[in-house]
Participant: 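First, the structure itself, so that you have it in front of you.
One-based numbering, in listed order, for ligands and for the atoms of each. Bear in mind the structure is a predicted one, so any value in this text is a computation, not a measurement.
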Amino acid sequence: METFKELFQDTLKDIYFAEKAILKALPKMAKKASSKKLQMAFTRHQKETEKQVQRLENVFQMMGTKASGKRCPAIEGIIEEAEELMKEAGDDTIRDAAMLGAAQAVEHYEISRYGTLAAWADKLEMSDAAELLRATLEEERATDDKLTDLAESEINPEALETDEEDMDEEPRRRVAGGRRR
Ligand code: FE
Ligand code: FE
Ligand code: FE
């Protein structure tokens, strides 16, 4: 990697790999979500992610190369952490809170990558690419904001409730009984 353009392309491959990994992780998270709203948020973002992959393919095309990914250890680590938390959570509301936090870590990685790529595309005078990258950047930001709203309105208060119930209940019962509304 010797040129700015090569650096741009390398980072494009990084986020392409990451989006593909996210595309595999999101359905698993949706399946495990106990909150209907959280499930819907994951499913909706799954559809957006499919479009985002297409946008990246268009950017590769604009550069005259075919789309390819380059292994991104950062996204692998974030997803690995999410999967670990999903297994470790002994309560549905705690798992929801854990998954929501993990999903925000994913969005923040993407926001950072797309922000950088859009700025670099401007510098490289690739305005069409910059436009596509910014469209995705806005979707990632909107997703992050939506997750914050959902955490504050529903997911975190419900997770906290399990702690309050712990004071007069055997924790095992909740594990067996699952989520209560
Ligand atoms: Fe994405
Ligand atoms: Fe990466
Ligand atoms: Fe995203």
Participant: What is the distance from atom CD of Glu107 to atom OH of Tyr114, rounded to the nearest 0.5 Å?
Facilitator: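 Answer rounded to 0.5 Å: 10.0 Å.
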Participant: Give every protein N, O or S atom lying under 2.8 Å from the Fe ion (ligand 3), naming each by residue and atom.
Facilitator: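 Checking every protein N, O and S atom gives His45 NE2, Glu107 OE1, Glu107 OE2, Glu110 OE1, Glu140 OE1.
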Participant: Taking the Fe ion (ligand 2) as the center, what protein N, O or S atoms are found at less than 2.8 Å?
Facilitator: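 Metal shell, protein only: Asp14 OD1, Asp14 OD2, Cys72 SG, Tyr109 OH.
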Participant: I'd like to check the side chain to side chain donor-acceptor pair (under 3.5 Å) partners of Lys146; sequence neighbours left out, ordered by chain and number.
Facilitator: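 Lys146: no side chain to side chain donor-acceptor pair (under 3.5 Å) contacts found.
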Participant: Once ring-ring contact (aromatic ring centres under 6.0 Å, His included) is applied, do any residues pair with Phe60, and if so which ones, sequence neighbours excluded?
Facilitator: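 By the ring-ring contact (aromatic ring centres under 6.0 Å, His included) rule, Phe60 matches Tyr16.
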Participant: More than 12 non-hydrogen atoms from neighbouring residues, nucleotides or ligands closer than 6.0 Å to CD on Glu125, yes or no?
Facilitator: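 It does not: Glu125 CD has 12 such atoms or fewer within range.
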Participant: Roughly how far, to the nearest 0.5 Å, is the CD atom of Glu48 from the OG1 atom of Thr43?
Facilitator: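 Separation between the atoms: 11.5 Å.
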Participant: Taking the side chain from Thr136 and the backbone from Leu133, do they hold a donor-acceptor pair closer than 3.5 Å?
Facilitator: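 Judged by distance alone, no pair lies under 3.5 Å.
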Participant: Verify the cluster assignment for Leu132 and Phe17: are they in a single hydrophobic cluster under the rule of side-chain heavy atoms below 4.5 Å apart?
Facilitator: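 No, separate clusters.
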Participant: With a 4.5 Å cut-off on side-chain heavy atoms, are Thr93 and Glu161 touching?
Facilitator: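 Side chain of Glu161 against side chain of Thr93, heavy atoms only: no contact under 4.5 Å found.
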Participant: Hey, is Arg134 close enough to Asp122 for a salt bridge, meaning N to O under 4.0 Å?
Facilitator: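 Yes, charged N to carboxylate O under 4.0 Å.
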